Amino acid sequence: MKRLIGNLKGDKGIWSFVALLALFSFMPVLSASSNLAYIGHGTGNTLGYLVKHLAHIGCGFFIVYYIHKVPYHYFRSISKWLLPVVWLVLAITMIKGTVIGGANASRWIQIPLVGISFQPSAFAALVLFVFVARYLSKTRENPIDFVESLKELWLPVFITLIFILPSNFSTTALIFSMILMLAFIGRYPMKYLAIIIGTGILFLGFFILISKAFPDAKFFNRVATWESRIESFSTDKPDEDDYQIEKAKIAIASGKIYGLGPGKSVQKNFLPQSSSDFIYAIIVEEYGLIGGLGVLSLYLLLLFRFVIASHKANTLFGKLVVIGLGFPMIFQAMINMAVAVELLPVTGQTLPLISSGGTSIWMTCIALGIIIGVTKKEEEITQELKEAAKREEALQKLIDRELEEEFVLEEDYSIQDKAVNPMQAVLNK
């Protein structure tokens, strides 16, 4: 274990906060999985769900470990070639997706032979953020041509979002918002950004209008769900999402300051997604306001480390990659917590590194591995500069010593030169 920890490179703060979130996740997942255990096999034994979560977290940390050893600039070119693969997988998912825990059929796909369910939109977001960072870092030195950027940047972005939108509006909105933020930080002209935002809004409106014309089409079957969620959020009209929010608010209110204690949640038996989408409500119920603020603080500290890592990165691509992969992670956590306290409509976003689930944990770990790889490179450059300074200092000391020895020899020679020749007396005779 010591050897493994010694091999960890990069920002130690990021490693620490990620480890704390992952370790803490076992307690709420073990507790919140009881309703799934009753539904699944009727025994209420959550040990299997705990072992499954342990396997997901363990694999996730191996992913972080091996990804952070890969030079991060390799992902610059890989992102470009992965985009067509992402489009193909998203298209297959749209056609042959499977239902997972009642989620929309077009969100998940079953990997053949392995039997693991995979959510391609999470992987698509990862590739897209790196792709956008690549383009913005490439065009930094030259003025951006809007028409050219439409072809090279925004066309791939919109193609990807079109595949994700029909089944997952919240993920599409999150990805689009983060790309706009990344473009703004990358100094993409504001007047062009305004055009892109307007185009996105028009396209969404057009999509909704088409869905009204073909309400029974599978491609548009989620539009009614979006409308009902927004309507129930803005009014008091009861529905299934309102039921979940009410139970989440009861859980949060029951927790008070110190909580009911680990494993003593009551509302976990009534919340359908207590171990994933609404796990934050269970955390507050069991650990109180202190536990809820503690989890929030860990995410904010992780955000702070991302900002520092971005500032220290030695290349523009490194800076944009840290922002593009790190900030969406934190915003997803904030959205999950905001939904639990009814600040936002129900979105279906999980709590990174805490909610149960394989795909979301592994995609988060890939992003963390790339981010830590950026910080590792900065540390390597700093170490190289220190070693170069030490070598220069040692060389300077060696040169000074040689000069001192030469000076002493010259001084000795001059003294012998001035001495009286001992044969002088014989020569005089």
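Everything numeric here is computed off the predicted structure, so don't read it as measured data. Basis for what follows: all heavy atoms, side chains included, without hydrogens, waters or symmetry-related copies.
A donor atom on one side chain and an acceptor atom on the other are found under 3.5 Å apart for Q349 and S170. For S356 and S276, the side-chain atoms include no donor-acceptor pair closer than 3.5 Å. Checked by atom type, the side-chain pair Q267/S274 shows no donor-acceptor distance below 3.5 Å. Between the side chains of S149 and Y135, no donor N or O sits under 3.5 Å from an acceptor N or O. Judged purely by distance below 3.5 Å, without hydrogens or angles, the side chains of K312 and T375 never pair a donor atom with an acceptor atom.
For the atom pair OG (S25) and CG (L20), the distance works out to 11.0 Å, reported to the nearest 0.5 Å. Here CD1 of I57 is found 4.0 Å from CD1 of I361. Values are rounded to the nearest 0.5 Å. Taken to the nearest 0.5 Å, the NE2 atom of H73 stands 10.0 Å off from the CD1 atom of I78. Between the CZ atom in F207 and the OG1 atom in T172 there is a gap of 9.0 Å [rounded to 0.5 Å]. Interatomic distance, L126 CG to M363 CE, rounded to the nearest 0.5 Å: 7.0 Å. Interatomic distance, I330 CD1 to I335 CD1, rounded to the nearest 0.5 Å: 11.5 Å.
In this structure a side-chain-to-backbone donor-acceptor pair under 3.5 Å is present from K376 to K69. No donor-acceptor pair under 3.5 Å is formed between the side chain of S31 and the backbone N or O of M27. Put simply, the side chain of W362 gets close to the backbone of H56: a donor and an acceptor are under 3.5 Å apart. In this structure a side-chain-to-backbone donor-acceptor pair under 3.5 Å is present from N336 to D277.
The pair K151-E148 does not meet the salt-bridge criterion, since no charged nitrogen lies less than 4.0 angstrom from a carboxylate oxygen. Salt bridge annotation for K249-E342: present, with a cationic side-chain nitrogen under 4.0 angstrom from a carboxylate oxygen. Look at K247 and E285 and you find no salt bridge, because none of the NZ, NE, NH1 or NH2 atoms lies under 4.0 Å from a carboxylate O.
Contact annotation: the side chain of M181 approaches that of I323 to within less than 4.5 Å [non-hydrogen atoms, C-beta and beyond]. Side-chain contact between L289 and K256 is absent, with no heavy-atom pair separated by less than 4.5 Å. Between I279 and K268 the shortest side-chain heavy-atom distance does not fall below 4.5 Å. Put simply, the side chain of F327 reaches to within 4.5 Å of the side chain of V307, judged on heavy atoms. Between V295 and I283 the shortest side-chain heavy-atom distance falls below 4.5 Å. In this structure the side chain of L368 reaches within 4.5 angstrom of the side chain of F306, judged on heavy atoms. The closest side-chain heavy-atom distance from Y287 to F24 is below 4.5 Å. Between T160 and F131 there is no side-chain heavy-atom pair separated by less than 4.5 Å.
Minimum interatomic distance between N168 and Q119 (heavy atoms only, all atoms of both residues): ND2-NE2, 3.7 Å. The two atoms that bring W87 and I159 nearest to each other are CE2-CG2, 3.6 Å, heavy atoms only. The two residues P166 and I162 have their closest heavy-atom pair at CD-O, 3.0 Å. In this structure, Y280 and A340 approach most closely via the heavy-atom pair CD2-CB, 4.2 Å. Minimum interatomic distance between I370 and Y72 (heavy atoms only, all atoms of both residues): O-CB, 4.3 Å. Contact detail for P120 and L90: the closest heavy-atom pair is CB-CD2, 3.7 Å.
For the pair R134 and F317, the cation-pi criterion (under 6.0 Å, within 45° of the ring axis) is not fulfilled.
A search for side chain to side chain contact (heavy atoms under 4.5 Å, CB included) contacts involving F176 returns F158, L161, L180, I196, not counting sequence neighbours.
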- Message: Run E286 and K264 through side chain to side chain contact (heavy atoms under 4.5 Å, CB included) and show every step you take.
- Response: CA-CA 6 Å; E286 294 188 351; K264 296 181 179 180; 5.6 Å; no

- Could you go through the side chain to side chain contact (heavy atoms under 4.5 Å, CB included) check for M334 and L296 one step at a time? CA-CA 8 Å; M334 298 301 169; L296 175 61; 3.6 Å; yes

- Query: Run the side chain to side chain contact (heavy atoms under 4.5 Å, CB included) check on I354 and Y299 step by step: do they pass?
  - Reply: CA-CA 11 Å; I354 293 183; Y299 283 114; 3.7 Å; yes

- Message: Would F129 and F75 count as a ring-ring contact (aromatic ring centres under 6.0 Å, His included) here? Give the steps.
- Response: CA-CA 11 Å; F129 292 140; F75 299 101; over 10 Å; no

- Worked verdict on K138 versus E152 for salt bridge (charged side-chain N to carboxylate O under 4.0 Å, His left out): CA-CA 11 Å; K138 183 182 71 173; E152 295 186 8; 3.5 Å; yes

- Message: Test side chain to side chain contact (heavy atoms under 4.5 Å, CB included) on F123 and V89; report intermediate values, then the result.
- Response: CA-CA 10 Å; F123 180 63; V89 174; over 6 Å; no

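Ring centroid separation for the pair F26 and H53 comes in under the 6.0 Å cut-off. In this structure, the ring of W154 has its center less than 6.0 angstrom from the ring center of Y188.
Applying the 6.0 Å contact sphere to CZ of F146 captures more than 12 heavy atoms from other residues, nucleotides or ligands.
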